[in-house]
**Student:** 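Below: one structure in structure tokens.
Keep in mind it's a predicted model, so treat the numbers as computed, not measured.
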Amino acid sequence: MELFTALIVIGGMGLVFGGLLAVAAKHFAVEEDARVETICDLLPGANCGACGFPGCISFAENVVGLKADASGCIPGGKDICDSICKVMGIDSVGSEVKKVAEISCLGSRDVAPDKFEYHGVRDCNAALAFSGGFKACKYGCLGLGTCAESCPFDALHMGDNGLPIVDRERCTACGICVKACPRDLIRIADADRTCKYVPCNSKDKGKVVREVCEVGCTGCKACVKACPQDAIVVEDSLAVIDSSKCDNCGECVDACRRSIIKDAAKVHHA
Amino acid sequence: MDKKLVVSSSPHLKSPENIHSIMVDVLVALFPVALMAVFLFGYRALATMVIATLVAMITEAIILRKGNLFGDGSAAVTGLLLAMVLPPAPPWWVVVIGSAVAVGIGKHLFGGIGNNIFNPALVGRAVLVVSWGAHVAGDVWMRPVPFNFTADIVTEATPLATKAASLLDLFIGTVSGSLGETSALALIIGGIWLYYRGHIDWRIPGAFIALVFVFGLFDGGFNMGLYHVLAGGVLLGALFMATDMVTSPVTSVGKLIFGGGCGLITMIIRLFGSYPEGVMFSILLMNSLTPIIDNLTLPKRFGEVKQKNA
Amino acid sequence: MSERTFVGGIHPGYYKDFSSGKPIASARAPAQVIISLHQNIGAPCDPVVQVGDEVKMGQKIGEPKGFVSTPVFASVSGKVTKIEPFTHPLGNPLPAVFIENDGQDKPDEGMKPGKPLEELSAEEIKQIAKDFGLVGLGGATFPTHVKLSPPPEVKIDTVIINGAECEPFLTADHRQMLEQADDIVYGLKAFMKSLGATNGIIGVEDNKLDALASMNRAVAEGKGEYDIKVHALHTKYPQGAEKMLIKATTGREVPPGALPMAVNVVNQNGGTAVALAEAIKLGKPLYERIVTVTGPGIKEPANMMVRNGTMVKDLIEQCGGMTEDARKLILGGPMMGLAQATDEVPVIKGTSGVLILTEEFVKDLSIDPCIKCGKCIDVCPMALMPNFIGSASEKNKIEMAEKYGAMDCFECGCCTYTCPAKRPLVQWIRIAKGEIGARRKK
Amino acid sequence: MTTLTQEFSKGIIKQNPVFVQLLGMCPILAVTITATNGFGMGIASMFVLLSSNIVVSFIRNVVPPRVRIPAYILVIATFVTITDLVLNAFLPSLHAALGIFIPLIVVNCMIMGRAEGFARKNTLGRSVIDALGMGIGFTLALTILGIVRELLGAGSIFGANIMGSSFEPMALFASPPGAFIALGILLAIFNYFYRKFGVQ
Amino acid sequence: MELNLAAIIFVAILANNIVLNQFLGVCPYLGVSKRIETSLGMGMAVVFVMTLATIVSWVIFNFILIPLDLVYLRTIAFILVIASLVQLVEIVLKKNNPTLFKALGIYLPLITTNCAILGVALLNIQMGHNIIQTVVYAIAAAIGFTMALVIMAGIRERLELVNMSGLLQGAAVTLVTAGILSLSFMGFAGIMTL
């Protein structure tokens with residue numbers, strides 16, 4: 001008998017509430033796409049914003065709404081792109097190559113002097129408001145770590161010499177630091193490319209560069225002459241190596257009068 | 001002139017005052033209180049103060065990995081303040097743990113100086129009260145014996161429990177109680193020094209003491225009002241604990257509310273609660289409300305009213 | 001002690017003794033002047049001379065581009081050698097006219113007395129201020145004629161001459177009040193006439209008793225039918241800030257974000273009054289000004305009449321050079337002036353002082369966490385919450401910075417001066433203001 | 001797809017419901033005065049989690065999505081009631097110590113979370129493995145906190161006195177504030193190790 | 001009776017706060033205490049639902065479960081009530097009061113799994129309250145929850161401006177803060193007892 005009442009009570013309550021909810025739910029149907037949640041689960045969840053949307057959820061919504069590309073999550077890379085494509089039922093797109101941030105300045109504190117002493121907020125943007133920055137070279141890294149601060153993946157750190165160091169393992173090539181650097185010294189490049197590059201961004205004339213930095217490119221064109229592949233051009237007194245032509249022969253490294261040409265993958269990386 | 005010019009944002013003048021100098025001022029303000037404690041309770045009080053201060057400084061030096069033991073002086077202040085709210089002669093390990101907790105949990109867990117939400121010294125004491133109530137907040141307390149440095153401990157109930165001490169005894173401090181709270185005279189001297197140096201605002205102690213006094217009136221007239229102000233930790237709390245810059249509101253109105261709240265809660269606990277003293281709880285509680293008080297009492301900006309009328 | 005003051009503010013060391021006793025001396029005219037075409041707040045000028053042109057002293061060389069702008073004049077006679085960007089006191093290179101001094105100081109034909117004040121109309125006075133390149137000489141360089149052009153519905157009843165000179169070290173206004181008091185009164189009368197104002201007030205901080213006496217004498221002698229009073233003000237920084245001065249002298253509070261016109265007041269610097277007086281009396285355009293060269297890092301502090309475009313380096317040399325331990329060069333006062341990266345920078349219309357500070361003033365102090373002592377809030381003349389604005393800006397929480405009043409800050413520096421944790425509050429607030437401004441534009 | 005071993009171990013370390021996901025905080029704080037209570041609570045929760053995961057996994061294709069949550073709650077509540085009755089019958093002292101927090105297992109977000117987030121999408125086998133992993137992770141966390149609090153607050157572990165008679169227990173850890181503080185510090189310590197060994 | 005009600009209020013809000021002293025609703029306490037505004041919204045939603053749920057639970061318990069001798073079904077019955085109630089409230093609000101729905105809507109799903117609701121309903125039965133005491137107790141407990149939530153939100157907004165070690169950020173420091181808060185609320189012990 002007791003068993004019976006129990007069944008009736010719970011069953012009755014279930015019926016009453018279930019019925020109420022069923023009626024209510026019928027009148028207030030809300031469209032939901034389960035794929036948003038699924039994709040959101042796949043994403044790294046750092047809410048870094050590299051995709052151009054204000055967070056992972058937003059990106060997922062836009063992917064489902066076909067407003068964002070499945071490969072949009074840069075930190076996620078190829079794997080996540082594939083998974084998203086699977087959820088969305090489309091063919092996989094996106095590049096295979098692992099990319100990392102690269103810093104194009106070698107002007108550490110000891111080789112690229114300051115023109116005056118700066119006291120105040122330790123932030124590159126803040127420091128630039130004073131006479132265009134305290135560094136004598138007006139293209140060089142100020143070394144106050146605004147880029148390191150901006151990295152959502154803890155992949156950039158300031159070295160003892162005042163230059164940032166990229167942690168290649170952690171770097172996801174999200175590009176936040178590229179935007180953070182007020183001197184545009186960071187770029188995203190293939191992690192494993194085998195070519196040489198010139199870690200300098202100074203467009204000053206050679207004479208000026210020699211005054212303000214020991215490791216700046218003077219645009220002397222010695223490397224241009226040395227390169228058997230014609231992969232190097234000098235524009236605005238700055239040598240640029242075309243990585244598609246470079247065969248990594250190393251002639252330019254020997255030719256460079258300031259010995260600043262390096263293997264691309266070996267600069268500023270931990 | 002061989003060095004490079006210095007460039008910085010305006011202003012280019014800075015006041016000579018810094019955190020270190022403020023902390024030294026607070027230590028100076030605590031000196032008469034400490035002196036009185038040694039005078040009343042003898043070497044045991046001195047030992048308690050030294051242990052608390054040293055442990056606080058060592059804890060901070062370890063956490064910050066700094067060789068400079070004194071640092072900016074804030075740890076010493078925390079340690080000494082903790083000693084002030086402990087009995088004259090608790091077991092040494094109680095002092096050590098309390099001091100380490102005060103600096104470690106009360107202060108550095110929240111990000112170090114300037115960032116703590118609660119008064120570190122009181123966090124230390126609160127933890128001790130809950131953990132070893134009998135050692136730090138029991139029913140019997142060491143009786144002060146001036147100029148007697150070797151005497152054995154004689155115990156008695158606190159004036160808050162008996163309500164029988166004379167007002168003069170309370171003012172001079174010849175009553176039992178926490179190490180630093182008995183002598184109103186010494187506390188007032190310290191408070192005046194802090195006020196003179198501009199480190200405390202009259203609003204917090206003012207509102208605190210005023211409310212304690214008013215509630216005391218209900219407990220038994222003018223004398224009882226004074227009694228409530230002088231007995232127990234009200235003066236120590238109002239002048240040294242509630243006025244802690246980091247954990248009290250920054251706005252003028254906020255300071256009044258803060259002080260008033262402390263006084264109110266103290267008296268509620270004293271008159272109705274199961275604890276004889278409520279200063280510590282009231283200040284900790286108001287500490288937690290500080291961010292909200294600050295946000296609700298933003299000062300009226302220059303010229304703001306006129307804009308609304310226009 | 002005067003009761004006229006405002007709430008908040010600080011009492012820094014005043015250090016006026018370096019130069020307050022030094023009469024205004026004429027600085028040597030340099031062999032070359034570099035006159036920036038950016039001389040005022042608002043639009044810069046276009047050059048109206050060409051390289052190779054011979055110019056005369058007082059000749060117009062830069063024509064204003066917009067309404068909020070004033071012309072620029074040659075401060076020597078000679079030949080234009082270059083027109084190209086040169087270091088500006090703001091820090092970045094900006095267009096400037098280089099003139100080689102021929103040493104003859106040949107005056108321009110325009111420099112001759114015009115009609116006396118009595119015969120000038122309000123409109124004509126305004127035109128003179130505009131044509132002769134007058135700007136606020138206190139340092140903000142706001143074009144004077146703009147201040148003289150209130151919208152028609154606003155009736156200005158009071159003109160205040162700012163003689164507070166609350167910035168430590170600076171003594172240019174002080175000396176001017178001693179030596180050119182009559183011209184100040186004359187200039188004030190012209191302002192009042194131009195604006196149709198009935199009240200004239202000269203506010204002087206009560207640490208300059210001799211200046212007060214001098215102004216009282218000049219007013220008594222020269223005020224004529226005008227209602228002009230001299231007010232002694234409580235000595236406190238920033239007593240000379242526009243809004244604080246108006247509060248102290250008239251009791252009116254300028255609303256946040258508004259100009260003094262909103263409370264029917266116009267504020268003018270004493271130096272500007274003298275410049276207007278000289279423009280009316282002598283037809284002399286604004287090509288030179290009084291500069292205080294002072295500070296512990298200068299060997300012989302002085303107050304000097306300096307031609308626009310003179311190198312600061314040149315001035316420092318005339319004052320005996322810098323001392324061994326000089327470390328910081330500031331144009332303007334120590335509270336709001338701009339630190340310079342080099343002494344190769346020209347004097348402009350707004351340069352009220354050249355201040356050299358020594359080692360002991362420029363220690364690079366570590367920035368400690370805010371201990372919420374609330375001292376910055378106590379001293380903030382605008383009743384803002386500098387500590388929270390600073391912390392919010394540090395963490396890039398711009399909305400929070402705005403909520404605590406970042407946009408109402410005029411960067412007087414009281415908070416940073418008083419901060420025991422040595423936090424660069426003004427700099428953070430400035431960053432937040434820039435960010436808020438950029439977002440509002442969007 | 002993850003292997004079964006990974007599925008199992010993730011609940012213990014990588015996605016520990018307490019130290020990483022911060023789920024089920026109420027029982028964790030309330031019942032960990034002693035290690036025994038913590039362990040008992042952990043086992044009870046694990047039982048409910050396992051049973052409900054099994055059932056949910058069974059009925060996952062039958063339940064219409066709109067009544068999903070109420071249906072799951074009903075399933076969980078049933079097992080909680082069973083647990084309640086069983087504990088009351090066989091371990092009355094533990095039942096008394098855990099008190100109201102036994103019925104409150106119903107609203108332990110960890111159980112609802114696993115039913116909603118895992119069992120309804122996965123096969124029976126995987127759901128069982130998942131429940132076991134999560135349940136052990138949860139029990140482990142409860143027991144660790146229980147040990148810490150009991151050791152400091154009473155000088156014993158699982159009721160066995162080990163600190164000697166001269167030890168004066170730190171009563172803080174037996175009180176509500178101590179629960180918060182102990183768990184907070186424990187979390188920070190775990191964060192440190194998680195970071196050190198690169199567990200995300 | 002009147003004093004008793006006052007005691008219920010005092011104890012439920014201060015002396016025996018459901019979050020700080022009874023560990024009910026700790027999950028949302030950690031989750032929703034980041035902003036003062038959000039925490040106020042959540043608090044309002046909890047006041048609303050908790051009062052309703054506790055009353056309905058009390059009615060079901062006293063008029064259905066006790067007469068039928070089915071006390072052991074209380075957990076199932078109560079959770080059914082709460083889950084359905086939350087959904088019903090959501091639906092009704094959506095239709096009749098869109099403004100309130102906008103303000104409370106996002107918090108409603110969070111409340112189903114808020115153990116404070118079920119906890120208070122159960123505690124209420126345990127304490128043997130009559131219907132008036134039930135209402136008062138439910139509202140007071142919810143206000144206590146809201147108060148603890150808002151205080152914590154204020155503290156966390158301030159802690160956001162702090163350079164804190166990543167190890168402590170978030171839950172760790174929030175828990176310790178809650179602990180110290182709980183410590184300071186201990187002062188109210190013994191002022192009024194039930």
**Student:** So, for C:Lys328 and C:Val362, which heavy atoms are closest and what is the spacing to 0.1 Å?
**Tutor:** CD-CG1, 3.3 Å
**Student:** Quick test of your reading of the model: are C:Arg430 and C:Glu411 salt-bridged, counting only N-O distances below 4.0 Å?
**Tutor:** yes
**Student:** At their closest point, which heavy atom of B:Leu194 faces which heavy atom of B:Ala29, and how far apart are they?
**Tutor:** CG-CB, 3.6 Å
**Student:** Taking the side chain as every heavy atom from C-beta outward, state whether B:Val123 and B:Leu284 have any pair of such atoms under 4.5 Å apart.
**Tutor:** yes
**Student:** State plainly whether the residues C:Arg252 and C:Asp157 are in salt-bridge range, i.e. N to O under 4.0 Å.
**Tutor:** yes
**Student:** For C:Leu329, is it the side chain, the backbone, both or neither that has a heavy atom under 4.5 Å from a heavy atom of chain B?
**Tutor:** both
**Student:** Using non-hydrogen atoms only, which part of B:Asp72 is less than 4.5 Å away from chain C: side chain, backbone, both, or neither?
**Tutor:** neither
**Student:** Counting only non-hydrogen atoms closer than 4.5 Å, does C:Lys403 touch chain B with its backbone (N, CA, C, O), its side chain (CB onward), both, or neither?
**Tutor:** both
**Student:** Please state whether the side chain, the backbone, both or neither of B:Ile113 comes within less than 4.5 Å of a heavy atom of chain C.
**Tutor:** both
**Student:** Give a yes or no on this: more than 12 heavy atoms of other residues, nucleotides or ligands lie within 6.0 Å of atom CZ of B:Phe31.
**Tutor:** no
**Student:** Under a 4.5 Å heavy-atom cut-off, does chain B meet the side chain of C:Gln340, its backbone, both or neither?
**Tutor:** backbone
**Student:** Using a cut-off of under 4.5 Å on heavy-atom pairs, state which of C:Val7, C:Leu355, C:Val254, C:Asp378 scores highest against chain B.
**Tutor:** C:Val254
**Student:** Salt bridge between B:Lys66 and B:Glu60, side-chain N to carboxylate O under 4.0 Å?
**Tutor:** no
**Student:** Can you tell me which of C:Ile330, C:Thr418, C:Ile10 forms the most heavy-atom pairs within a distance under 4.5 Å of chain B?
**Tutor:** C:Ile330
**Student:** Sort C:Met385 into side chain, backbone, both or neither according to what part of it lies under 4.5 angstrom from a heavy atom of chain B.
**Tutor:** side chain
**Student:** Can you confirm whether C:Tyr404 sits close enough to C:Leu384 that some side-chain heavy atom of one is under 4.5 Å from a side-chain heavy atom of the other?
**Tutor:** no
**Student:** Can you tell which of B:Thr247, B:Val6, B:Val246 has the highest number of heavy-atom pairs within less than 4.5 Å of chain C?
**Tutor:** B:Val6
**Student:** Contact part of B:His20 toward chain C, heavy-atom cut-off under 4.5 Å: side chain, backbone, both or neither?
**Tutor:** neither
**Student:** Relative to chain B, which segment of C:Cys370 carries a heavy atom at a distance below 4.5 Å: side chain, backbone, both, or neither?
**Tutor:** backbone
**Student:** Go through the atoms of C:Phe169 and report whether side chain, backbone, both or neither lie under 4.5 Å from a heavy atom of chain B.
**Tutor:** side chain
**Student:** Please look at C:Pro168 and chain B and tell me whether the side chain, the backbone, both or neither of the residue comes under 4.5 angstrom of a heavy atom of that chain.
**Tutor:** side chain
**Student:** Pick from C:Gly374, C:Cys415, C:Pro369, C:Cys380: which one has the most heavy-atom pairs with chain B under 4.5 Å?
**Tutor:** C:Pro369
**Student:** Could you report the tightest heavy-atom contact between B:Thr290 and B:Ser248, atom names first, then the distance?
**Tutor:** CG2-C, 3.4 Å
